Q: 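Could you have a look at this structure, given as structure tokens, before my questions?
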Amino acid sequence: MTTKCNVCYRHCELDEGQRGFCGVRSVIDGKVTPLNYGRITSIALDPIEKKPLARFMSGSKVISVGSYGCNLRCPFCQNYEISWSAEAFELGKRAKYLSPEELADLALTYKREGNIGVAFTYNEPLIAYEFVRDTAKLVHENGMKNVLVSNGMATIDVLDEISPYIDAMNIDLKGFTDAYYQDLLKGNRQMVMDFIAEAVKRCHVELTTLIIPGENDTKEEIYNLSKWISDLTDAEGNRIGPEIPLHISRFFPRFNMTDRDATDVALIYDLADTARENLKYVYTGNC
Ligand code: SF4
């Protein structure tokens, strides 16, 4: 008998002990469980602007943690060492365990260094949303903040589990065609759009689009993407989309995508201007 994982659109049907596409969710005693729960591969006290969050507690710092695994397969992944390369799963085996209590305590210890809380980032945090939820709850109990940096490819049930404890999110909206998500990233654009549309009703949200030459770099695509954002509403139905910050970032050849040059800086500035036709706060990244 198989058990279904409901974290993302793949809804992997798993046998006992079998891992899903993300490489970290498996069935243990009949229950889908994240094998990377609390397994920390990366930890740093980062400026909040590096998440990137441009309009949330500017000038502060946040303890940023990552584990391993991902439910996308972006060939240009900037964090492939911990996301979905063979190396990532080897590293995962040796990753140090930090319990939610230990991580929340660590965040408190760094308060005197300007730390505001914990950011769940680097790999895809929602494939172990249970760790995010359990830790973020304790961080809130200590009077500190939680930040999520995600690809947004998760169900609203997952959002329901974590959103009571998350203060700010940066979510990737990586492109604005189904083909780009399906064929290149092995993902699902509609699921990401649904997640974003609901997340903006619950906490501060900023969005990021990495511009890949020849893939998602037309003015038309960025106009359509920014127009969709501009129509988003809050929980009361008020249109808040034009106030949602968008980060348009430059690609550098990495991992399995080294067949093209870095995105032209002038193009990034051009596309940012296009997005500004619909949005008030558009930032350029990696330029
Ligand atoms: S989170 Fe992982 S196991 Fe669950 S449906 Fe997505 S890819 Fe499959």
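Here the structure is a predicted model, which is why all the values come from computation and not from measurement. Worth knowing before you read on, the calculation uses all heavy atoms, side chains too, and leaves out hydrogens, waters and symmetry mates. Each ligand, and each atom within it, is numbered from 1 in the order the structure gives. Sequence positions, counted from 1, serve as the residue numbers for this chain.
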Q: Give the residue, atom name and distance (to 0.1 Å) of the protein heavy atom nearest atom 6 (Fe) of ligand 1.
A: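 The answer is Cys8 SG, 2.4 Å.
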Q: Quick check against the 3.5 Å criterion: does Thr209 have a side-chain atom that pairs as donor or acceptor with the backbone of Leu173?
A: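 Yes.
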Q: At a threshold of 2.8 Å, where the distance has to be below it, does atom 8 (Fe) of ligand 1 have an N, O or S atom of Cys22 nearby?
A: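 Cys22 does not place any N, O or S atom closer than 2.8 Å to atom 8 (Fe) of ligand 1.
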Q: Need the ligand 1 atom indices (1-based, order shown) with element for anything under 4.0 Å from a heavy-atom of Gly20.
A: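 Those atoms are 3 (S).
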Q: Heavy atoms only: which of Leu14, Thr155, Val7 is nearest to atom 1 (S) of ligand 1?
A: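 Selected option, by shortest heavy-atom distance: Val7.
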Q: Report the part of His11 in contact with ligand 1, treating N, CA, C, O as backbone and CB onward as side chain, heavy atoms under 4.0 Å; options are side chain, backbone, both, neither.
A: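 Backbone only.
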Q: For Arg25, counting its heavy atoms only, list the atoms of ligand 1 lying under 4.0 Å from any of them.
A: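 In order of numbering, the contacting atoms are 1 (S), 3 (S), 4 (Fe).
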Q: Under 4.0 Å from any heavy atom of Phe21, which atoms of ligand 1 are there?
A: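 Counting atoms of ligand 1 from 1, those under 4.0 Å from Phe21 are 7 (S).
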Q: Are any side-chain N or O atoms of Arg73 and backbone N or O atoms of Cys70, one a donor and one an acceptor, separated by less than 3.5 Å?
A: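 Side chain of Arg73 to backbone of Cys70, a donor-acceptor pair under 3.5 Å: yes, one is there.
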Q: Against the six-membered ring of Tyr97, is Arg39 placed for a cation-pi contact (under 6.0 Å from the centre, within 45° of the normal)?
A: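 Pair Arg39/Tyr97 does not count as cation-pi.
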Q: Give me the atom names and distance for the closest heavy-atom approach of Ser99 to Phe131.
A: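 Residues Ser99 and Phe131, closest heavy atoms: C-CE1, 4.3 Å.
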Q: I'd like to know if the side chain of Asn6 pairs up with that of His11 as donor and acceptor (distance under 3.5 Å, no hydrogens or angles considered).
A: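 Side chains of Asn6 and His11: pair found under 3.5 Å.
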Q: Look at atom 8 (Fe) of ligand 1 and say which protein heavy atom is nearest, naming residue and atom and giving the distance to 0.1 Å.
A: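 Answer, as residue, atom name and distance: Cys12 SG, 2.3 Å.
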Q: Is any NZ, NE, NH1 or NH2 atom of the basic residue among Glu215 and Arg260 found under 4.0 Å from an Asp or Glu carboxylate oxygen of the other?
A: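 Yes, this pair counts.
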Q: Between Ser150 and Leu148, what is the shortest heavy-atom contact and its length?
A: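 Answer, listing the atom of Ser150 first, then Leu148: CB-CD2, 3.9 Å.
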Q: Please state which protein non-hydrogen atom is closest to atom 4 (Fe) of ligand 1 and give its distance, to 0.1 Å?
A: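 Checked against all protein heavy atoms, atom 4 (Fe) of ligand 1 sits closest to Cys5 SG, 2.3 Å.
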